[in-house]
2 protein chains.
Amino acid sequence: MARRSDHSRPELTELAVKAGVELIEKKGLSGFSARAVARKIGYTVGTLYHVFGDMDGFMLHIHGQTLDDLYAFLTKKLERSKKPSLDILAHGYLDFARAHFNRWDALFTFRTTASNEIPPWYAAKLRGLFLLTETALMPHVGNNEQAAQKHARILWSGIHGICVLSVSGKLDIVNADKAEKQIDMLLETYMAGVEKQL
Amino acid sequence: MARRSDHSRPELTELAVKAGVELIEKKGLSGFSARAVARKIGYTVGTLYHVFGDMDGFMLHIHGQTLDDLYAFLTKKLERSKKPSLDILAHGYLDFARAHFNRWDALFTFRTTASNEIPPWYAAKLRGLFLLTETALMPHVGNNEQAAQKHARILWSGIHGICVLSVSGKLDIVNADKAEKQIDMLLETYMAGVEKQL
DNA sequence: CGGCATTATTAAACAGTGTTCAATAATAAT
DNA sequence: ATTATTATTGAACACTGTTTAATAATGCCG
């Protein structure tokens with residue numbers, strides 16, 4: 001029996017999340033299971049349930065890690081580039097989706113059950129990501145915060161949609177442009193429309 | 001034992017697909033399983049495997065039905081309205097996603113395994129749906145077919161993205177506009193950009 | 001029509017899943 | 001040192017997709 005003082009609860013949480021992330025990253029969602037994680041960290045499923053409640057709660061923590069990684073990935077790109085922020089963000093999102101496809105994909109395959117609401121700490125991570133786009137949009141909408149929010153949401157929806165359809169490769173029926181070009185076109189065209197409406 | 005002549009193979013296929021659709025529609029993907037369908041139609045799982053190969057093959061047929069229903073839904077709306085086709089299609093897509101959420105959701109939760117490629121009959125259904133948008137776009141791009149294809153794809157990505165984020169309700173963090181308004185804004189802004197670029 | 005080959009259907013089994021729970025080991029509190 | 005609390009376990013439950021040998025039902029052919 002693992003001595004309970006082998007890992008503090010935060011340590012155990014981190015250990016499990018890390019193991020889960022590795023499993024998903026390497027084998028996709030199908031390679032991820034309570035028992036697989038337990039085996040990997042030398043504990044039993046019961047311990048995971050003790051820490052996370054259920055697998056949905058566990059997943060939420062893994063997704064939290066993914067959101068953190070995405071945020072770090074995007075902000076780093078923003079810092080190191082002189083190009084317009086919107087382009088960086090949009091293409092960065094695509095890059096991340098490609099580089100961590102299984103994990104990114106899991107983010108949207110996941111469904112919160114009615115009983116398991118989204119916790120505030122998770123909502124905050126999402127808000128932070130949205131803020132990046134809103135901030136990048138501000139100069140294009142005369143620093144109108146409300147307008148920035150609206151357009152950020154729509155633009156991100158579009159970028160996300162392009163990524164879904166192209167990265168999954170499943171709906172690539174039409175002989176379509178590469179995702180990069182589609183993103184450029186979306187940004188160009190949409191922002192041209194925004195400018196025109198000012 | 002069910003007499004093999006109770007249903008011809010096409011009949012059996014239709015029976016199973018119908019049962020599967022009902023299960024997903026009512027209880028979501030979690031209520032859908034080989035055994036649940038088998039029980040519903042009075043056969044055994046073995047028969048389902050005999051007909052569909054595996055559950056992915058089965059799913060594909062269910063999704064085929066969903067695409068057919070979506071197509072019928074959209075074309076009917078197009079016929080009965082005098083409003084611009086793009087608006088009808090975009091809002092129709094949202095309406096369908098809402099009315100058949102579980103089924104629509106399953107469409108994208110589903111992942112084709114590497115071995116199980118998308119069959120031509122399925123690709124054709126997708127192509128048909130895309131064509132609706134392309135046709136609607138034609139008059140806005142000077143009847144340039146290539147341009148219509150590009151913009152159709154991007155626009156549908158955007159519409160789809162908005163539906164995903166709003167219908168699932170999971171990422172509704174920001175106090176956002178209703179999906180309808182977002183769709184209108186996307187269409188207005190993007191098409192304004194298209195016009196400007198002509 | 002009878003017998004043979006084919007095909008459809010079944011039941012049972014396998015390995016895996018999420019989840020629960022009593023028992024027990026390890027710690028904290030008194 | 002004894003008691004109360006908490007962490008961990010292992011076994012169980014009811015599921016899941018999938019495979020397979022046996023069998024029932026049919027089509028074919030002489």
Side-chain angles (χ1 to χ4, degrees), chain A residues 1-17 19-20 22-24 26-63 102 106 109-116, chain B residues 1-17 19-20 22-24 26-63 102 106 109-116:
Chain A
M1 186 186 230
R3 316 194 89 245
R4 74 204 292 181
S5 54
D6 278 353
H7 305 96
S8 70
R9 185 182 267 245
E11 282 173 345
L12 194 49
T13 304
E14 194 189 326
L15 199 67
V17 168
E22 280 172 14
L23 276 174
I24 294 181
K26 208 185 297 177
K27 310 185 180 183
L29 259 186
S30 68
F32 173 80
S33 74
R35 283 170 177 86
V37 172
R39 212 177 303 127
K40 216 166 186 291
I41 65 176
Y43 282 81
T44 331
V45 287
T47 298
L48 289 177
Y49 275 79
H50 192 69
V51 174
F52 295 105
D54 60 3
M55 286 308 277
D56 277 9
F58 190 9
M59 253 308 185
L60 217 58
H61 278 80
I62 290 180
H63 291 336
N102 283 331
T109 301
F110 179 64
R111 291 276 104 88
T112 315
T113 53
S115 57
N116 279 357
Chain B
M1 188 186 232
R3 315 195 89 243
R4 74 202 295 181
S5 55
D6 277 355
H7 304 98
S8 70
R9 184 179 265 246
E11 282 173 344
L12 194 49
T13 304
E14 194 190 326
L15 200 66
V17 168
E22 280 172 13
L23 276 173
I24 294 182
K26 207 184 299 175
K27 310 186 181 184
L29 260 187
S30 68
F32 172 80
S33 74
R35 283 171 177 86
V37 171
R39 211 176 304 128
K40 215 165 186 292
I41 65 177
Y43 282 81
T44 334
V45 288
T47 298
L48 290 177
Y49 274 80
H50 192 70
V51 174
F52 296 105
D54 60 3
M55 286 307 277
D56 277 9
F58 190 9
M59 253 308 183
L60 216 58
H61 278 79
I62 291 180
H63 291 336
N102 282 332
T109 301
F110 179 64
R111 291 275 106 88
T112 314
T113 53
S115 56
N116 279 357

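Each chain gets a letter, A, B and so on, in the order its sequence line appears, and its residues count up from 1. Fair warning: this is a prediction, and the values are worked out from it, not measured in the lab. Heavy atoms only: backbone and side chains are in, while hydrogens, waters and symmetry mates are out.
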Legend entry - 5'-most by nearest nucleotide on DNA chain D - Arg39(B) or Leu12(A): Leu12(A)

Inset, instruction - Could you check whether Leu48(B) gets within reach of a base, just the sugar-phosphate, or nothing at all, counting any heavy atom under 4.0 Å? - result: nothing

Inset, instruction - Could you tell me the separation between the CZ atom of Phe32(A) and the P atom of dG16(C), rounded to a whole number of Å? - result: 17 Å

Legend entry - From dT9(C), dA11(D), dT9(D), nucleotide with atom closest to Val45(A) side chain: dA11(D)

Legend entry - Separation of dT8(D) C1' from Ile41(A) CD1 (nearest whole Å): 12 Å

Inset, instruction - Could you tell me how the ring of Phe32(A) sits relative to the ring of Phe58(A): parallel (under 30°), tilted (30 to 60°) or perpendicular (over 60°)? - result: tilted

Legend entry - Value in whole Å for how far the C1' atom of dG18(C) lies from CG of Leu29(B): 17 Å

Legend entry - Whole-Å distance separating the NE2 atom of His7(B) from the P atom of dT26(D): 13 Å

Legend entry - Contact under 4.0 Å: Thr44(B) side-chain N or O vs dT9(C) OP1/OP2: no

Legend entry - Test item: Ile24(B) and Met59(B) side chains (from C-beta on) under 4.5 Å apart, heavy atoms: yes

Inset, instruction - Compare side-chain N and O positions of His50(B) against OP1 and OP2 of dA8(C) and report whether any pair is under 4.0 Å apart. - result: yes

Legend entry - Atom pair distance, as rounded to whole Å: CG in Leu23(B) and P in dT16(D): 11 Å

Legend entry - Nucleotide nearest Tyr43(A) (side chain, heavy atoms from C-beta), chosen from dG18(C), dT8(D), dT9(C): dT8(D)

Legend entry - 5' precedence on DNA chain C between Gly46(B) and Gly46(A) (nearest-nucleotide basis): Gly46(B)

Inset, instruction - Would you mind classifying the nucleic acid contact of Thr47(A) as base, sugar-phosphate or nothing, using non-hydrogen atoms under 4.0 angstrom? - result: base

Legend entry - Side chains of Ile62(B) and Phe52(B) in contact at under 4.5 Å (non-hydrogen atoms): no

Legend entry - Counterpart base for dA15(C), defined by Watson-Crick or G-U wobble contacts under 3.5 Å: dT16(D)

Inset, instruction - Give the rounded distance in Å between these two atoms: CE of Met55(B) and P of dT17(C). - result: 18 Å

Inset, instruction - Find the distance between NE2 (His63(A)) and OG1 (Thr109(A)) and round it off to the nearest 0.5 Å. - result: 8.0 Å

Inset, instruction - For the side chain of Arg35(B), starting at C-beta, report the closest nucleotide among dT18(D), dT19(C), dG10(D). - result: dT18(D)

Legend entry - Protein-nucleotide distance (Phe58(B), atom CZ; dT16(D), atom C1'), rounded to Å: 15 Å

Inset, instruction - Would you kindly give the OH-to-P distance between Tyr49(B) and dT16(D), to the nearest whole Å? - result: 11 Å

Legend entry - Gap separating the OG1 atom of Thr44(B) from the NE2 atom of His50(B), nearest 0.5 angstrom: 12.5 Å

Inset, instruction - Could you please name the option among dT9(D), dT18(D), dA7(D) that lies closest to any side-chain atom of Arg9(A)? - result: dA7(D)

